[in-house]
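Worksheet: one structure, shown below.
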Number of protein chains: 2
Amino acid sequence: MQQIVGRSHLKVTCSVCSLRELCMPLGLSDAEMELLESLSSPKSTFKRGDFLYRSGDRFTSLYAIRMGFFKTQVLHEDGREQVTGFQMAGEIIGLDAISSDIHACDAIALEDCEVCELPFAQLESLSRDLPILQRHLHKLMSREIVRDQSIMLLLGSMRAEERLAAFLLNLSERFTARGYSPTQFQLRMSREEIGSYLGLKLETVSRAFSHFQEIGLIKVQVKSIHILNPAGLQECLNKSR
Amino acid sequence: MQQIVGRSHLKVTCSVCSLRELCMPLGLSDAEMELLESLSSPKSTFKRGDFLYRSGDRFTSLYAIRMGFFKTQVLHEDGREQVTGFQMAGEIIGLDAISSDIHACDAIALEDCEVCELPFAQLESLSRDLPILQRHLHKLMSREIVRDQSIMLLLGSMRAEERLAAFLLNLSERFTARGYSPTQFQLRMSREEIGSYLGLKLETVSRAFSHFQEIGLIKVQVKSIHILNPAGLQECLNKSR
DNA sequence: CGCAACGTTGAAATTCCTCAATTCACGTGG
DNA sequence: CCACGTGAATTGAGGAATTTCAACGTTGCG
């Protein structure tokens, strides 16, 4: 541990950051925790529509989202774009860029956001001394792979309403994990963005919302969602063709 | 470096392994290289249809494919399955399992295969001493994320023939990288497996192959593919709706 | 208050899927 | 070595899901 402390050539700036929360369950010692926090830069803020980073930008840092919602999207040469994810407070964004040191997608704020920068070089260096952090980083990246694969399952083998049901249930889970209501929440993204994420056109998304409301599964008021029958949604999801 | 060698409590078994090839471009010293190789277990072999691992299996190792083709697939409760990738010689398989120490998908041999086991705990430990290996591991995982995102783009916003064109061009690239012909190769997977991967039914895949042949882009003889006009395929890919 | 962006709904068009009939490729056994 | 059988691939026709196009409603901001 002395060895580790001796390595503290890191700038000490931010006191509270998602990183702390993220590593809470790891059961680190106070000294280790302090070290971790020394890594975080000050929080920075973003307004709706601001880019956290752009495809092609040089990669230097991961970002821990402290507040707000982002979307990530990849662009095809011909102008088509695909939303690859919606990231909320408590999640880490930017893992895709490690592979080439260049960001592979755009990250755009969907509302007012606050993030903590995590310089990746320092994170790598630190994780050589803290096996528990190393492990955590690996799990983060692997979890992203698993998440992407479940979206491939969704895009490859589900029909429109199943996709939307899966989307709503996933949001619900994540809100729950953050201490918000599992059944009532505000969407931060447009129908078009949901459609892009789910591989559907915005009209199809809108119709699916309306249909779910008709059959009493949810109540929709534009961006405000109230899940009335979570089990019903789950059922709709498991219903094979 | 003494420190590193002192840590050699790893079993020494396999002499030549994909790991070596994978790390070739890293410019390691001979000593570092030897250390890396000490990590690899003996090669094991698989016949068509064999499972390299199953969803739910305990995770212990990554695998470097030395020879042959695998597919990975995720299963949905209701029985639907989605092929999430085809892995060929020189590629690493199993990264998804790190997140939970349980394999999240099945990996199945599509032909006779040979793999090298890479015990992950040892890989993690070693990568703490070899920053260059650490970096490489991170890039591997990140590359997988980027790859998955490009499949999301494919599944979410391309039509049937564009998907197949993208698939063929991707295979072509990977064969090229391995020193095989970019224009003539054997498919190791069935139409149904291709369809699952591309989010299409097998009949649609078959029709797309036939159409590509009609318009002179490729020559198909069931599993044998000859790309006659790569630029034409690329063009078909860039053609937005 | 009015404009502009976003969302909803309907009808027609298109793509892809389903079902079904053949054909083809390949391995096994006569 | 060939015939046969089986599973895979191809092809066609009809139908279903989703997209496209278009009109109209709603929301919220300047």
Side-chain angles (χ1 to χ4, degrees), chain A residues 47-49 71 80-83 108 110-112 154-168 186-215 218-226 236 239-241, chain B residues 47-49 71 80-83 108 110-112 154-168 186-215 218-226 236 239-241:
Chain A
K47 290 197 301 292
R48 172 172 175 76
K71 69 169 175 182
R80 271 179 290 193
E81 57 191 44
Q82 169 77 26
V83 172
I108 302 170
L110 293 176
E111 59 179 333
D112 290 352
L154 179 147
L155 291 173
S157 60
M158 290 185 187
R159 35 189 47 208
E161 296 199 349
E162 294 175 314
R163 295 184 199 188
L164 189 64
F167 173 69
L168 290 173
Q186 296 288 337
L187 297 175
R188 302 299 145 98
M189 62 294 280
S190 69
R191 298 294 188 262
E192 183 162 19
E193 286 163 334
I194 296 173
S196 171
Y197 180 60
L198 298 179
L200 302 169
K201 292 295 156 187
L202 67 93
E203 295 94 331
T204 307
V205 173
S206 179
R207 278 185 249 269
F209 270 127
S210 299
H211 184 228
F212 281 165
Q213 179 161 252
E214 268 172 40
I215 61 180
I218 63 176
K219 172 138 183 29
V220 193
Q221 180 60 268
V222 192
K223 303 237 171 186
S224 157
I225 301 292
H226 188 174
C236 149
K239 198 175 304 162
S240 185
R241 330 195 156 194
Chain B
K47 291 198 299 291
R48 173 173 175 75
K71 70 169 174 180
R80 271 178 291 192
E81 56 190 46
Q82 169 77 25
V83 171
I108 302 170
L110 293 176
E111 60 179 333
D112 290 352
L154 178 146
L155 291 172
S157 60
M158 291 185 187
R159 32 186 52 204
E161 295 198 349
E162 294 175 315
R163 295 183 199 188
L164 189 65
F167 173 69
L168 290 173
Q186 294 287 120
L187 297 176
R188 302 300 146 99
M189 62 294 282
S190 69
R191 298 292 188 262
E192 183 163 19
E193 286 163 334
I194 297 172
S196 171
Y197 181 60
L198 299 178
L200 302 170
K201 291 296 155 185
L202 66 93
E203 294 95 330
T204 306
V205 173
S206 180
R207 278 185 250 270
F209 270 127
S210 299
H211 184 228
F212 282 166
Q213 179 161 252
E214 269 171 39
I215 61 181
I218 62 176
K219 173 141 184 22
V220 193
Q221 179 62 271
V222 191
K223 304 236 170 186
S224 157
I225 301 292
H226 189 172
C236 148
K239 196 174 306 163
S240 185
R241 329 198 155 193

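Order of the sequence lines sets the chain letters (A, B, ...), proteins ahead of strands, with each chain counted from 1.
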So does A:Lys223 get a side-chain nitrogen or oxygen closer than 4.0 Å to the phosphate oxygens (OP1/OP2) of C:dG7?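 A:Lys223 to C:dG7 OP1/OP2: side-chain N or O found under 4.0 Å.
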
Quick one: is B:Gln221 getting a side-chain N or O under 4.0 Å of the C:dA25 phosphate, OP1 or OP2?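 So the side chain of B:Gln221 is within the cut-off, an N or O lying under 4.0 Å from OP1 or OP2 of C:dA25.
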
What is the distance, rounded to the nearest whole Å, between atom [atom1] of [X] and atom [atom2] of [N]?
X        : N      : atom1 : atom2 : result
B:Leu187 : D:dA8  : CG    : P     : 15 Å
A:Leu164 : D:dA17 : CG    : P     : 17 Å
A:Lys47  : D:dC29 : NZ    : P     : 15 Å
B:Glu214 : D:dG12 : CD    : P     : 9 Å
A:Glu192 : D:dT20 : CD    : P     : 11 Å
B:His211 : C:dC16 : NE2   : C1'   : 15 Å
B:Arg48  : D:dA8  : CZ    : C1'   : 11 Å
A:Lys219 : C:dT8  : NZ    : P     : 12 Å

Between B:Arg207 and B:Glu203, is a side-chain contact (heavy atoms from CB on, under 4.5 Å) present by the stated rule, with each step listed? CA-CA 6 Å; B:Arg207 278 185 250 270; B:Glu203 294 95 330; 3.5 Å; yes

Mind checking what makes salt bridge (charged side-chain N to carboxylate O under 4.0 Å, His left out) contact with B:Glu193, not counting sequence neighbours?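 In terms of salt bridge (charged side-chain N to carboxylate O under 4.0 Å, His left out), with neighbours along the sequence ignored, B:Glu193 is linked to B:Lys71.
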
Worked verdict on A:Leu155 versus A:Arg163 for side-chain contact (heavy atoms from CB on, under 4.5 Å): CA-CA 8 Å; A:Leu155 291 173; A:Arg163 295 184 199 188; 4.1 Å; yes

Specify the closest pair of heavy atoms between A:Cys236 and A:Glu162, including all atoms of both residues, with the distance to one decimal.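 Distance-wise, the nearest heavy atoms are O-CG, 3.5 Å.
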
Step by step, work out the side-chain contact (heavy atoms from CB on, under 4.5 Å) result for B:Phe209 and B:Leu187. CA-CA 12 Å; B:Phe209 270 127; B:Leu187 297 176; 3.9 Å; yes

Nucleotides 9-15 of chain C: protein proximity per nucleotide (B base, S sugar-phosphate only, - neither; heavy atom, under 4.0 Å): BBB---S

Considering only C:dG7, D:dT19, C:dA25, which nucleotide approaches the side chain of A:Leu200 most closely?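 My answer, after comparing the listed nucleotides, is D:dT19.
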
What does B:Gly199 touch in the nucleic acid at a heavy-atom separation under 4.0 angstrom: a base, only the sugar-phosphate, or nothing?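 Sugar-phosphate only.
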
Applying the side chain to side chain donor-acceptor pair (under 3.5 Å) criterion to A:Glu111, which one of A:Arg188, A:Gln186, A:Lys47 satisfies it?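 Of all the options given, the one that passes is A:Arg188.
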
Positive for side-chain contact (heavy atoms from CB on, under 4.5 Å) with A:Leu198, one of A:Leu164, A:Thr204, A:Val83: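 Answer after filtering A:Leu164, A:Thr204, A:Val83: A:Leu164.
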
